[in-house]
Structure formats: C-alpha cells, structure tokens
2 protein chains.
Amino acid sequence: MKNNVTKQKVVDAASSLFFQKGFHGTSVRDIADRASVNVSLISYYFKGKQGLLEYAVTNYYEAYLEKIEESLEKTEGDSAICRLNELIFTIIHYKQMHHQLTCFIQRELSLDSVFVREMTVTYLAKENYYLKELFQETIGGSIGQDEKRYLFMQLKGMLITPYILLSDWKDQIVGEYAHEQFVKKYTKSIQKWIEFNTNISMERKNK
Amino acid sequence: MKNNVTKQKVVDAASSLFFQKGFHGTSVRDIADRASVNVSLISYYFKGKQGLLEYAVTNYYEAYLEKIEESLEKTEGDSAICRLNELIFTIIHYKQMHHQLTCFIQRELSLDSVFVREMTVTYLAKENYYLKELFQETIGGSIGQDEKRYLFMQLKGMLITPYILLSDWKDQIVGEYAHEQFVKKYTKSIQKWIEFNTNISMERKNK
DNA sequence: ATTTTTGTCGATAATTGATTAAAGGATTTA
DNA sequence: TAAATCCTTTAATCAATTATCGACAAAAAT
C-alpha cells in the first residue's frame with residue numbers, strides 16, 4: 001500500500017499550488033511536477049483535476065465540521081458566551097492549521113460555479129447555522145434584527161480576515177510557535193469584540 | 001469615435017465575467033460573446049487578455065485613490081475621528097458602486113503573481129498608508145503596539161468583508177436605493193466599532 | 001507459481017484558448 | 001474627392017492543457 005503516500009503528495013502539491021495560483025491558474029502538469037509524479041496519476045487517483053479539487057475540499061470541510069461539532073459537544077451546558085468563545089477558538093485554530101487551503105477555498109468560494117454552490121449547501125450552511133444559533137443566544141434579543149445582522153456579518157468577517165489579508169500579517173507568523181501564538185492572540189481580540197457587544201446589549205436591556 | 005462605446009462594452013463584459021468566474025476562469029471568447037463584439041478586438045484595444053485586466057484594474061484604483069485623497073482634503077483640519085469616519089464612508093461608497101470589480105480584485109489580490117505585486121506596491125501601499133496614518137491618530141498612543149496591529153487588521157477586514165461574503169448579504173441589496181442604504185448602515189456599524197475602541201483607549205489614558 | 005490487482009510511466013489524441021495577419025468598411029482629415 | 005486613420009471581421013496559426021491509452025513493473029491473492 002504505497003498508495004497513500006503518493007496520493008498525499010499529490011494533494012499537498014495541489015493545495016500549495018492552488019493557494020499560490022488558484023485552481024484555474026495551475027495545470028495538472030504543475031501539480032505532477034511539484035509532487036514528482038507522473039501526470040496521469042492525477043487522473044488515476046482522482047479522475048482528473050476537478051476530482052482532485054473536490055477530494056481536497058471535501059476532506060477539509062469534513063474535518064472542519066467535525067471539529068466544530070466536537071467543540072459544541074464539549075461545551076454543552078456552559079453559558080452561551082463561553083461556548084461561542086470556545087467555538088471561535090476552534091475555528092481559528094483549524095483554519096490556521098490549514099491556512100493555505102483555508103485561503104484558497106475562501107477565495108474560490110466567491111466564484112459562481114456549480115461546485116461552489118454544492119459546497120455552500122453541503123457545508124457552509126451547517127457552519128453558518130451553528131455559528132448563528134450561538135451568536136443569537138449570546139447577543140440576546142435586545143437589539144434590532146437589522147443591527148444583529150450587521151454584527152453577525154462583522155463576526156464572520158473576523159473569522160476570515162486573516163486568510164484574505166494574508167500579506168498583511170504573514171511576516172508575523174514566523175518561527176516555531178508562531179501559529180499557536182497567533183491563534184491565541186487573534187482569538188482573544190475577537191472575544192473582546194464579543195464581550196463589548198454583549199455588554200451593549202445588556203445595558204439596553206437593563207434600562 | 002465609436003471607439004469608446006465598444007471599448008467600454010468589452011470592459012463591462014470582462015468585469016462581470018471576471019467577477020463570476022475569475023480571471024483564469026474566463027476566456028477571451030466568453031468576453032467577446034457577452035460584449036457582442038469580435039474576439040480580435042480584445043487584442044486590438046488592450047493588447048490581449050492581460051492588458052484588458054490591467055486596464056480595468058488600473059482604472060479602478062486610480063479613481064479609488066482619487067476619491068480617498070479628495071476625502072482627506074475635504075476634511076483637512078477636522079478631528080482625526082471625524083476624518084476617519086468620513087474616509088470610511090468614502091471607501092465603502094466607492095466599493096459599493098463598483099462591487100463586482102471590488103470583489104474580483106479582492107479575490108485576485110490573494111494570489112501570488114507579478115501583477116498582484118505590482119498593484120500592491122503601486123496602489124495598496126498608498127491606501128494602507130492613508131488609512132494607517134489616520135487610524136493611529138484616532139486611536140491614540142495609549143494601547144500596545146501589538147494590540148493596535150490587531151485592531152487595524154480588524155478595521156481593514158471590515159472594509160472588505162461585504163465583498164467577500166457577498167452571498168451572505170446580496171439578497172438585502174435589491175431595489176432602487178438599496179446600495180445607498182447599505183453604504184449608510186454598514187458605515188455606521190464600522191463607526192460604532194471605532195467609537196468603542198477610541199473610548200477604550202481614552203479610559204486607559206485617563207486612569 | 002501464476003493469476004489478478006494495483007501503481008507508474010511515456011506518448012498522444014482531442015480539446016480549448018490566445019494571438020495575429022490580412023483585408024474590407026467606415027470615418028475623419030486634408 | 002483622395003488619403004489617411006481607425007474600426008471590424010474572417011480565417012488561420014500557435015500554444016498549452018486535460019484526459020486517455022497501452023505497456024510495464026511491483027505487489028497481493030489464489
């Protein structure tokens with residue numbers, strides 16, 4: 001079973017190249033070259049370039065949702081804000097561990113294709129549901145529906161910003177523990193934002 | 001001089017397609033078809049597909065920076081926070097008026113190519129400079145350098161979020177004045193965030 | 001031990017995409 | 001009106017990419 005090692009080499013090469021040049025910007029030759037394997041293996045293992053993409057992205061999201069559900073189970077019974085904070089940590093942590101794919105997928109998601117639509121209904125809908133549910137509960141019902149929507153958008157924005165403005169902070173992520181450091185600090189900065197917004201919400205309720 | 005009308009048709013078609021399918025995902029034929037012109041005109045007017053891209057993006061950024069500089073001149077002498085608020089309004093407004101190109105460029109900017117690097121040094125460096133300058137002044141010197149960096153990243157994130165999470169809010173932007181509505185509301189939500197963070201900063205200074 | 005399955009390679013077919021050359025209209029300028 | 005410039009079309013070329021085929025070796029199963 002030398003199968004797995006070659007297959008993984010291809011996936012790794014593809015992830016890295018998709019990240020650099022985008023899906024349409026990289027050819028199967030590029031991928032095969034970087035992985036030091038023959039071009040035809042890509043068709044052999046994945047039924048072509050599109051298949052390779054689907055394989056990589058599906059894997060990414062399966063594991064992602066698993067982490068999210070794990071986090072939610074672990075914190076069951078805790079206060080909403082605690083659970084939300086933990087969830088955010090989990091999300092940022094996962095994204096950071098796979099930052100190349102994260103960035104690539106985020107980029108590709110803003111395109112208009114059947115594949116994107118499939119991913120959206122299959123995975124993103126769930127992610128959105130979990131997040132929204134918890135956010136609603138945390139923020140309470142004291143602010144307007146409209147305002148809440150904008151806040152939620154801001155939150156979602158914060159969860160993806162580092163992987164879009166990569167060039168702005170990648171110089172900070174060097175060295176052994178840099179990733180963990182970043183996850184901690186960035187998570188904290190989001191949590192501070194949440195705390196502020198729940199306070200706002202409390203104040204209004206009390207008066 | 002029927003030149004301009006055809007040229008513009010091509011640019012419009014290209015913008016729309018680049019937005020939907022990305023640069024590498026759209027062929028010159030697609031563009032020509034949508035613009036109802038002959039394929040070779042693209043080479044004739046823009047020296048090829050790459051040239052068309054450069055033309056569109058350069059135009060976008062030239063006008064963008066002009067708006068920014070205009071805004072800064074207009075508010076000269078006002079308080080930092082006022083100027084920042086006005087600048088943010090200007091930026092969101094411009095982006096909203098060209099949301100397809102905004103989204104497309106934002107996406108393309110996370111790629112690794114010589115073109116992207118050129119755009120970065122030519123235009124984004126300036127944008128970043130103006131924004132950072134004003135942000136520093138607004139937020140004051142009372143919080144740590146590190147913390148400030150994260151806040152600045154959050155701010156920049158807020159300025160691009162709507163154009164990455166397009167699918168999340170595009171259903172809200174329907175009807176005649178929807179764009180203006182959105183600009184107003186979204187700008188306000190960012191301004192609220194700024195206000196909060198300057199207060200934080202003040203409090204610490206006072207104690 | 002031999003048959004079957006699995007993994008790998010080189011070559012190539014088939015498709016698609018970008019660019020150019022040449023020439024005919026149209027429009028402006030002299 | 002003639003010349004020059006600009007716009008547009010047709011057709012062809014050039015380049016690159018993906019997918020597939022057939023051969024071949026290694027490993028597993030019988």
Note to self: By the 4.0 Å heavy-atom rule, please label A/S36 as base, sugar-phosphate, or nothing.
What the structure shows: nothing
Check: When we call it a touch if two heavy atoms are under 4.0 Å apart, what does A/S27 touch: a base, just sugar-phosphate, or nothing?
Finding: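 Touches sugar-phosphate only.
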Check: So, is the end of the B/K49 side chain (NZ or CZ) under 6.0 Å from the ring centre of B/F23 and within 45° of the ring's axis?
Finding: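 Here B/K49 passes the 6.0 Å and 45° test against B/F23.
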Of the listed nucleotides [options], the one nearest the side chain of [X]:
{"X": "B/S43", "options": "D/dT20, D/dT18, C/dT20", "value": "C/dT20"}
{"X": "A/T6", "options": "C/dT8, C/dT19, D/dT17", "value": "C/dT8"}
{"X": "A/L41", "options": "D/dT17, C/dT19, C/dT8", "value": "C/dT8"}
{"X": "B/K49", "options": "D/dT18, C/dC9, C/dT19", "value": "C/dT19"}
{"X": "B/R29", "options": "C/dG17, D/dT18, C/dG7", "value": "C/dG17"}

Length of the [atom1]-[atom2] vector between [X] and [N], whole Å:
{"X": "B/L17", "N": "C/dG17", "atom1": "CG", "atom2": "C1'", "answer": "15 Å"}
{"X": "B/Y44", "N": "C/dA21", "atom1": "OH", "atom2": "C1'", "answer": "14 Å"}
{"X": "B/L52", "N": "C/dA18", "atom1": "CG", "atom2": "C1'", "answer": "13 Å"}
{"X": "A/I42", "N": "C/dG10", "atom1": "CD1", "atom2": "C1'", "answer": "15 Å"}
{"X": "A/K9", "N": "C/dT8", "atom1": "NZ", "atom2": "C1'", "answer": "11 Å"}
{"X": "A/N38", "N": "D/dT20", "atom1": "CG", "atom2": "C1'", "answer": "12 Å"}
{"X": "B/I31", "N": "C/dT19", "atom1": "CD1", "atom2": "C1'", "answer": "14 Å"}
{"X": "B/D33", "N": "C/dT16", "atom1": "CG", "atom2": "C1'", "answer": "14 Å"}

Checklist line | Minimal non-hydrogen separation, B/L111 against B/V116, with atom names | finding: O-CG1, 3.6 Å
Notebook entry, point to check: Between the side-chain atoms of A/S40 and the base atoms of C/dG10, is any donor-acceptor pair under 3.5 Å?
Noted result: yes
Margin query: B/Y163 and side chain to side chain donor-acceptor pair (under 3.5 Å): which single residue from B/Q96, B/H98, B/H99 fits?
Written below: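 Filter result, single survivor: B/Q96.
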Notebook entry, point to check: Would A/E108 and A/F18 satisfy side chain to side chain contact (heavy atoms under 4.5 Å, CB included), going step by step from the backbone distance to the final call?
Noted result: CA-CA 10 Å; A/E108 223 68 14; A/F18 286 165; over 6 Å; no
Next item on the list: Describe, in one word, how the ring planes of B/F135 and B/W193 are oriented to each other, choosing from parallel (under 30°), tilted (30 to 60°) and perpendicular (over 60°).
Entry: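 The rings of B/F135 and B/W193 lie parallel, inter-plane angle below 30°.
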